[in-house]
Amino acid sequence: MEIIELPIEVLKEASWNVNQPNEAMLQRLRSSIQQFGFVQNLVVRYLGDGYEVLSGNQRLKLLREFNVSKVPCVIVNLDDAHARLFAQALNHIHGDDDLGLRAELIREVLKTIPEEQILTVLPDTMVGLKGMATLGQGTVAGYLQNWEKARAVRLRNLLFKLTSEQLPTIETAIDRMLPEARRKQGVSPNFRGTALYLICKSYLEKETLDDHK
Amino acid sequence: MISKISLPREGAGSNPNSALHAIQLIPISQIEARNLLVPNHYLHSLPGGTKLSLGIFLNARLLGALTFGVGPYFGYKIVNNAESDDVVTLTRLWLSDELPRNSESKVLGIALRSLKRDTSLKFVLAYSDPSAGHFGTIYQASNWLYTGLSSATALYDIGDGILHHSRSLAHSLGSHSVRYLTSQGIDVKTVPQSAKHRYVYFLDPSWKSRLSVSILSYPKKELE
């Protein structure tokens, strides 16, 4: 395997490169190079008028940004088809992270590196990172007991299917009862549900009165 | 539904029995369950109405998941005077081939004991799809009761390239009534589905007498 430092002017991006990261991903790559340096050689082949990059097209863009003059490259001698196949292989042959092990690793990293800095190089979100950091930390008993408490107090759905003609009548009645519902809300945080309850209660009370007449 | 495991298992460690004892069930989020189940479970989906999701860990590695959810709308009616809150359905179970033999039984045992101890649930339902070659071997090994083939709910084809479950169709269109949808000019067809083997496990054994359907002998895979 031949590794050689080539002037950046002789390197050109492969026009057939299918890997097209968005700006957010490029920014992470930029941050990674800034934090850790340029540590991966490009893979190139000679084409007569320069060297085509098979692996490292995005890194090449950033190296130009950073005004790097010489780039360490691995030179391969491949025809068009094999060059394309090799580029695909380089991009796609990798394992999947075991989520449990990744969670342990992230927890270890978080002990010394703040979340904000981690997110400059990892394609994740703050919520995702926090979730990953807590993976595998709970107990089934605590989880089920919380679930049991939550379902005991959850508000119940009562689902109606209404036609376009029926819906405005119901909506109008609920809207009219809303001020009363806000005053008599009780423990329910749902005003519209309380409004519907008050309408039905009022109807039933009226029906009872009518029965006694 | 259990994702079929066809490859022979290597013990996760030098002693499969000690590996079996080291298996832990730990709660995971639905997102993590989805990330694991969609690529690995044979149905490649996580159903709506998932209530509980548990990860299967061995030596800190997440090597499987099981989820419990609402299941069929009237599933609870096979038990007299039961309400929908009395039951959950085991909706997905997938274990990596890296786990040792008999891990399924071990995992189900832990899950059922936990549900019994820490919830007020009375029973659990599970279904096996014979059209996928599944007969519920794991439920049979764990002494669930077999209640025959459940009547399968048809799926709905409204011409968008997706077969819709009645629940998702009602969610998106407000109804899964073929008569109503047809009357509104929507071309909807029902696509029959194969019936599934239904198993029930009573967390509260005193509820077993309320079972309103017959207990049948376990189905066996026909020899070819």
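Protein chains get the first letters and strands the later ones, always in sequence-line order, with residue 1 at the start of each. This is a predicted model, so every value here is computed, not measured.
- Salt-bridge annotation for A/Arg192 and A/Glu171: present, with a side-chain N of the basic residue lying under 4.0 Å from a carboxylate O of the acidic one.
- Of the listed residues (B/Glu32, B/Arg117, B/Gln24), the greatest number of heavy-atom pairs within a distance under 4.5 Å of chain A belongs to B/Glu32.
- For B/Leu115, the parts lying near chain A are the backbone and the side chain together; criterion is any non-hydrogen pair under 4.5 Å.
- A/Glu205 has a carboxylate O that lies under 4.0 Å from a charged side-chain N of A/Lys201, or vice versa, which qualifies the two as a salt bridge.
- Using a 4.5 Å cut-off between heavy atoms, B/Leu121 contacts chain A through both its backbone and its side chain.
- Inspection of the B/Asp118 and A/Gln145 side chains reveals an N or O donor paired with an N or O acceptor under 3.5 Å.
- Residue A/Glu104 touches chain B through its side chain alone, counting heavy-atom pairs closer than 4.5 Å.
- Heavy atoms closer than 4.5 Å to chain A are found in both the backbone and the side chain of B/Ser114.
- Side-chain atoms of B/Arg92 and B/Ser45 form a donor-acceptor pair, as typed in the model, at a separation below 3.5 Å.
- In terms of the salt bridge (charged side-chain N to carboxylate O under 4.0 Å, His left out) criterion, A/Lys149 has no residue partners (sequence neighbours excluded).
- No side-chain donor from either of A/Thr120 and A/Gln34 sits under 3.5 Å from a side-chain acceptor of the other.
- At a 4.5 Å heavy-atom cutoff, the contact between B/Leu54 and chain A is made by side-chain atoms alone.
- Of the two parts of B/Ser53, the backbone and the side chain both hold a non-hydrogen atom closer than 4.5 Å to a non-hydrogen atom of chain A.
- Contact count versus chain A (heavy atoms, under 4.5 Å) is highest, among B/Ile28, B/Leu25, B/Leu52, B/Leu36, for B/Leu52.
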